[in-house]
2 protein chains.
Amino acid sequence: MSLRMALLGLLSVSGPASGYDLTKLFESTINHAWQARHSQIYPELNKLAADGLVTVEEEGPRGRKTYTITEEGSRTIREWMLTTGPARSARDEKTLRAFLLPTLKPEEALEVLRETVRECEAKLAVLEEIERRPSRPRTAGFGRYALDLGLRHTRMMRDWAAETAEEIERASRS
Amino acid sequence: MSLRMALLGLLSVSGPASGYDLTKLFESTINHAWQARHSQIYPELNKLAADGLVTVEEEGPRGRKTYTITEEGSRTIREWMLTTGPARSARDEKTLRAFLLPTLKPEEALEVLRETVRECEAKLAVLEEIERRPSRPRTAGFGRYALDLGLRHTRMMRDWAAETAEEIERASRS
DNA sequence: AATCTCATGTAAATAGTTACATGATTTT
DNA sequence: AAAATCATGTAACTATTTACATGAGATT
């Protein structure tokens with residue numbers, strides 16, 4: 001269901017787009033909250049069209065199909081957004097690794113944490129660069145929230161890794 | 001692969017356990033980073049046993065099987081933990097919803113954000129309660145990192161939702 | 001005796017990944 | 001002319017969810 005909603009959401013906020021566009025949009029916007037390959041996106045768009053939630057308004061060169069969200073599609077995404085249910089799937093391999101840190105010896109755990117700090121800082125540099133450059137008006141509002149959450153999440157992770165490393169270091173010295 | 005590693009990790013840190021125990025451990029510890037039902041856990045444990053990464057050392061009443069991690073299992077989890085690869089899957093439906101907030105009208109988005117704040121605060125109360133009560137020695141180190149990250153994540157989310165709500169309110173007043 | 005919790009499993013369906021397949025248009 | 005990018009798709013495999021199925025032991 002989430003993939004459907006992600007696609008409807010992107011079409012709703014960014015306007016009409018092709019499967020190819022959506023694949024790239026996925027990568028450049030919601031990538032850190034949800035991932036999908038073109039091999040999953042194309043069939044899903046066909047299903048969405050069959051269900052009347054999107055339409056192909058335009059066919060361009062190289063077989064390009066431009067999808068547009070329909071009234072029914074808009075109603076569907078709106079209802080999903082307003083549905084409050086605690087049944088939210090959350091999977092994060094990085095966090096999983098963090099949980100399993102105690103399986104390692106202190107020196108090994110330290111190395112993993114330091115690597116995490118480095119990765120977070122690299123990601124922060126990218127996100128802060130995006131923050132500085134003005135975005136195209138079409139995705140402005142959308143990008144704002146996404147970016148802000150991404151920045152906060154990455155900083156949180158970096159701080160946790162750094163402080164946990166310090167704690168382990170202190171403990172192993174005593 | 002992640003489910004295998006989660007199971008090996010839990011067995012490594014918490015000691016021998018049954019599929020039933022592991023199902024509950026999953027829920028009570030790494031639930032916010034990874035989920036798995038018993039219908040996925042039981043077959044995976046059988047595969048792990050077939051691959052020699054765990055053994056059934058003990059069979060109890062009601063067909064209970066107590067799994068223990070083997071030397072090879074320990075080597076496997078250790079290698080996975082030390083492998084740094086940027087190929088980490090991360091899926092979070094809550095964050096996805098946050099991204100799609102611009103599909104809603106400001107008043108609706110506000111309501112969703114306020115609900116998010118309430119949910120985070122409820123979750124924080126639970127986590128802070130766990131933090132206060134002393135844990136059993138067997139899962140102490142494990143619980144520490146998991147809990148700390150969970151607390152930080154939930155606070156980050158709450159603050160983001162609250163501040164974003166304020167921002168939308170300010171914007172809609174002008 | 002009934003109900004609850006412990007305990008394990010399988011089957012069917014949906015979701016997601018990896019690999020294969022093809023061809024048009026644009027850029028160098 | 002070659003290489004890069006645009007563009008869509010399918011097949012096979014793996015992962016995950018939902019629903020079905022069963023029975024033992026403990027508690028009320």
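Lettering of chains follows the sequences in order, A, B, ..., and the numbering in each one begins at 1. When reading the values below, keep in mind they use all heavy atoms of this one structure, side chains included, and skip hydrogens, waters and symmetry mates.
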Separation of [N] [atom2] from [X] [atom1] (nearest whole Å):
| X | N | atom1 | atom2 | value |
| --- | --- | --- | --- | --- |
| A/L7 | C/dG16 | CG | P | 11 Å |
| A/L22 | D/dC6 | CG | C1' | 14 Å |
| B/L45 | C/dT8 | CG | P | 9 Å |
| B/R64 | D/dT22 | CZ | P | 24 Å |
| A/W34 | D/dT16 | CH2 | C1' | 11 Å |
| B/E44 | D/dA15 | CD | P | 7 Å |
| B/N31 | D/dT16 | CG | P | 14 Å |
| B/M1 | D/dC13 | CE | P | 17 Å |

- Item | Over 12 non-hydrogen atoms of neighbours within 6.0 angstrom of CD in A/E107 | yes
Salt bridge check, [Y] against [X]: does any charged N sit closer than 4.0 Å to a carboxylate O?
| X | Y | value |
| --- | --- | --- |
| A/R132 | A/E129 | yes |
| B/E93 | B/R97 | yes |
| A/R118 | A/E111 | yes |

- Task: Starting from B/Y42, walk the hydrophobic network (Ile, Leu, Val, Met, Phe, Trp, Tyr; side-chain heavy atoms closer than 4.5 Å) and list everyone else you reach, by chain and number.
- Result: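 Noted: B/Y42 shares its cluster with B/Y20.
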- Task: Give the B/S/- string for nucleotides 17-28 of chain C, one per nucleotide from 5' to 3', where a protein heavy atom under 4.0 Å of the base yields B, of only the sugar-phosphate yields S, and otherwise -.
- Result: BBB---BBB---
- Can you tell me if the side-chain N/O atoms of B/Y20 get under 4.0 Å from OP1 or OP2 in C/dC6?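 Affirmative; the distance criterion is met.
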- Would you say a side-chain N or O of B/K24 is under 4.0 Å from OP1 or OP2 of C/dA7?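 For C/dA7, neither OP1 nor OP2 has a side-chain N or O of B/K24 closer than 4.0 Å.
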- Closest nucleotide among D/dT10, D/dT16, C/dA7 to the B/L3 side chain: D/dT16
- With hydrophobic residues grouped by side-chain heavy-atom distances under 4.5 Å, do A/V117 and B/M156 end up in a single group? no
- Return each pair, listed once, that meets side-chain hydrogen bond (donor to acceptor under 3.5 Å, both in side chains) where at least one residue sits in residues 156-169 of chain B; pairs must be two or more places apart or across chains. A/R144-B/E167, A/R152-B/E163, B/R114-B/E169, B/W160-B/T164
